[in-house]
K.L.:
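Sharing a structure with you now.
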Protein chains: 2
Amino acid sequence: MTDEPVVTVTIKDVARLAGVSPASVSRALADPGQVRPGTRERVHRAAAALGYHPNQAAHALTTGRTRMIGLVVPDITNPIFSTIFQAVQGRAREGGYSVLLVDTGEDPATEVDLVRTLARQVDGFLLCSPRAAQEYLDPFLRATAVVTINHRGRRVPCVTSDNADGARQVAEHLLALGHRRLAYVAGPAASSDNRERLRGLRAAVAAAGAELTDFTAVSPTYDGGTAAADLVLATSATAVIAFNDVIALGLLNRFTARGIGVPQQISLVGFDDIPFAAMTNPPLTSVAIAKQQIGRTAVDFLLDLLDGRQRPGGSRLMLPTHLIVRGSTGPSVLTR
Amino acid sequence: MTDEPVVTVTIKDVARLAGVSPASVSRALADPGQVRPGTRERVHRAAAALGYHPNQAAHALTTGRTRMIGLVVPDITNPIFSTIFQAVQGRAREGGYSVLLVDTGEDPATEVDLVRTLARQVDGFLLCSPRAAQEYLDPFLRATAVVTINHRGRRVPCVTSDNADGARQVAEHLLALGHRRLAYVAGPAASSDNRERLRGLRAAVAAAGAELTDFTAVSPTYDGGTAAADLVLATSATAVIAFNDVIALGLLNRFTARGIGVPQQISLVGFDDIPFAAMTNPPLTSVAIAKQQIGRTAVDFLLDLLDGRQRPGGSRLMLPTHLIVRGSTGPSVLTR
DNA sequence: TTGTACGCGTTATCAG
DNA sequence: CTGATAACGCGTACAA
């Protein structure tokens with residue numbers, strides 16, 4: 001094993017070996033059309049021979065672009081966000097970008113703080129379900145390119161799911177099964193997803209003359225769901241919709257512990273369709289959102305923004321959702 | 001709303017406002033003890049007034065350090081790794097570092113490729129359960145600081161769980177319940193965790209004169225577990241140990257679908273103790289590993305390495321594991 | 001088409 | 001303790 005000296009090979013080394021100037025190396029690599037084929041060839045050969053990789057710091061210093069995008073999520077432990085991360089990383093890499101992941105721990109203050117301190121290190125942000133109030137983020141949005149995910153932002157390009165429609169599907173599904181008293185365990189008030197889901201539910205329930213009670217989970221987590229379960233059971237609701245699958249799984253755990261069967265005695269529907277939703281017994285009925293597509297699309301938006309191919313105020317893309325009914329759907333008339 | 005011009009405030013601006021040279025600003029901020037209290041005070045005031053944040057690219061260019069660490073994981077969707085990420089991010093931030101997350105998709109080639117291209121952008125790597133063969137990584141280990149997590153590396157500091165002991169606890173637990181024929185659904189062959197768990201199981205089972213069959217899941221994922229379930233059921237095993245909880249959950253799903261009760265007809269134990277393990281009915285018995293502590297410790301190791309407070313070949317820390325028995329543990333004599 | 005020279009923002013060296 | 005100055009590696013006007 002040769003203890004090869006780990007040297008830092010710079011653009012000058014490549015230039016010397018290729019017998020050209022550093023400027024030509026830079027051009028041959030960045031804009032091949034600008035240099036004569038012969039020269040280009042020698043440069044590439046030399047670069048390969050030396051294993052040359054441009055120094056990103058120097059590149060960033062001169063161009064002002066870091067070729068990194070920041071992905072900000074409330075909780076990477078939630079499968080919805082880790083799945084989005086994978087899609088984002090894949091697409092970003094295709095465009096030559098790396099991903100700086102930021103977990104805010106569901107805390108608005110942390111979110112603002114981290115976005116602030118990292119703003120200079122990335123070319124742009126992908127903000128997933130931001131919890132901070134828009135006014136705190138506004139200053140950064142002017143300085144940095146931003147695309148929001150699952151959040152209706154003012155004057156910010158965003159890619160969202162059609163939450164209201166998903167909620168409508170859920171409500172109509174439950175109503176068709178004969179349920180008249182529904183309960184909704186809500187997520188963070190700052191979440192626009194949450195507002196839209198609640199809006200969709202209310203509309204559908206009102207149209208049917210049925211009843212909807214809503215609770216708020218202390219946090220959109222498994223434990224948050226467990227904690228909310230008893231409140232829900234204290235009502236006369238026969239069907240429960242959760243803000244997301246993670247909450248739903250928490251609810252399910254507590255229901256089971258109290259001997260309440262799903263879907264025999266109560267129906268339970270979540271949102272997001274995370275992989276683990278299929279795992280319970282019975283499996284969880286859920287609203288599927290296009291996670292991979294969301295991630296890829298958001299990256300495309302951001303890169304377009306960075307390359308000036310799109311105006312900042314621009315587009316908003318809403319991707320469809322659809323109900324996934326798993327296992328048996330329960331009796332059409334419920335009693336307790 | 002004032003459309004404040006988004007200016008780039010540099011060290012020179014601070015210097016001008018404070019009435020000192022750029023060099024003094026740099027010193028006042030980086031090494032306060034090296035400058036007179038009065039000057040220091042004015043500099044800090046000026047920096048705060050202007051909202052000065054050092055340009056990381058320029059800093060990196062001169063010092064050769066990016067203040068970023070790369071966290072490489074096989075699959076961020078696995079709760080074990082997302083939890084470790086959170087711990088790593090927390091500790092890294094305390095030390096002024098950001099985290100570049102890299103998901104290799106369980107693919108050794110991708111792992112090597114990503115580590116190679118990112119090596120210059122980070123000060124060091126945290127390699128979680130690397131799947132690539134050591135020899136491919138060796139060159140980078142010389143050029144870049146590396147700490148492995150859950151992987152026994154040669155000449156690389158590493159923090160691991162006591163897998164063999166956890167496996168022993170599992171085996172003895174199952175043997176005490178009366179099981180004589182155990183099955184192990186293994187993880188990736190390249191995983192040292194997997195090898196150690198298998199070793200621990202074999203030792204305990206052999207000592208008791210019992211029997212152990214091992215299978216290999218096509219991938220250490222939920223789907224991998226589902227796919228392996230039928231093979232396991234084709235044997236006469238009465239208890240199944242999975243390489244990790246995610247596989248175990250996949251197994252459980254398929255068992256349930258086939259009407260096999262856990263723990264009535266078969267016992268199931270996983271590894272890692274992810275949050276969702278408590279969620280199933282009955283909840284999954286699992287081996288808990290110290291996720292947060294692993295993350296924090298690994299960062300500490302890496303930062304020590306970077307600051308020369310520790311020699312590269314150095315320490316190996318093995319953190320204890322313990323069995324978490326949830327719900328009923330099943331009959332002590334099993335029949336099918 | 002190619003080379004020279006300068007600047008990006010910061011830190012390190014070396015006088016003072 | 002402080003200021004001027006040189007470097008870090010690269011991109012890019014400008015000149016040739």
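Quantities reported herein were computed from a predicted structural model and do not represent experimental measurements. Keep in mind that the numbers below use all heavy atoms, side chains included, and drop hydrogens, waters and symmetry copies. Note on naming: letters A, B, ... go to the chains in the order of the sequence lines (proteins, then strands), and numbering restarts at 1 for each one.
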K.L.:
Would you say the side-chain atoms of A:D123 and A:T66 include a donor-acceptor pair closer than 3.5 Å?
P.N.:
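Yes, because at least one side-chain N or O of A:D123 sits under 3.5 Å from a partner of the opposite role on A:T66.
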K.L.:
Round to the nearest Å and state the distance from A:E41 atom CD to C:dT1 atom P.
P.N.:
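Rounding to the nearest Å, CD of A:E41 and P of C:dT1 are 16 Å apart.
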K.L.:
In terms of side-chain heavy atoms, does A:D103 have a donor or acceptor partner in B:Q89 at a distance below 3.5 Å?
P.N.:
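A:D103 vs B:Q89: no donor-acceptor pair found between side chains.
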K.L.:
Rounded off to whole Å, could you give me the CZ-to-P distance for the A:R40 and C:dT1 pair?
P.N.:
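So the two atoms are 10 Å apart, to the nearest Å.
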K.L.:
Do the side-chain N and O atoms of B:S98 and B:R93 include a donor-acceptor pair separated by under 3.5 angstrom?
P.N.:
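Judged by distance alone, the side chains do pair up.
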K.L.:
Should B:L306 and B:Y97 be marked as a side-chain contact (heavy atoms from CB on, under 4.5 Å) after you check the CA-CA gap, both sets of side-chain angles, and the distance that decides it?
P.N.:
CA-CA 12 Å; B:L306 293 175; B:Y97 282 77; 3.8 Å; yes
K.L.:
Could you check whether any side-chain heavy atom of B:Q292 comes within less than 4.5 Å of a side-chain heavy atom of B:T83, counting everything from C-beta outward?
P.N.:
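Counting from C-beta outward, B:Q292 and B:T83 do come under 4.5 Å.
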K.L.:
What nucleotide among C:dG3, D:dG3, C:dT2 has an atom nearest to a side-chain atom of A:R36?
P.N.:
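For A:R36, the side-chain atoms sit closest to C:dT2.
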K.L.:
Any side-chain N or O of A:S24 under 4.0 Å from OP1/OP2 of C:dG3?
P.N.:
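Yes, A:S24 has a side-chain N/O under 4.0 Å of OP1/OP2 on C:dG3.
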K.L.:
Would you mind reading off the distance between B:R65 atom CZ and D:dC8 atom P, rounded to a whole angstrom?
P.N.:
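Atom CZ in B:R65 sits about 19 Å away from atom P in D:dC8.
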K.L.:
For residues A:S21 and A:A15, report the shortest heavy-atom separation together with the two atoms involved.
P.N.:
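Closest heavy-atom pair between A:S21 and A:A15: C-CB, 3.7 Å.
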K.L.:
Summarise protein proximity over nucleotides 8-16 of chain C in one line of letters, 5' to 3': B for base, S for sugar-phosphate only, - for none, counting protein heavy atoms closer than 4.0 Å.
P.N.:
BBBSBB---
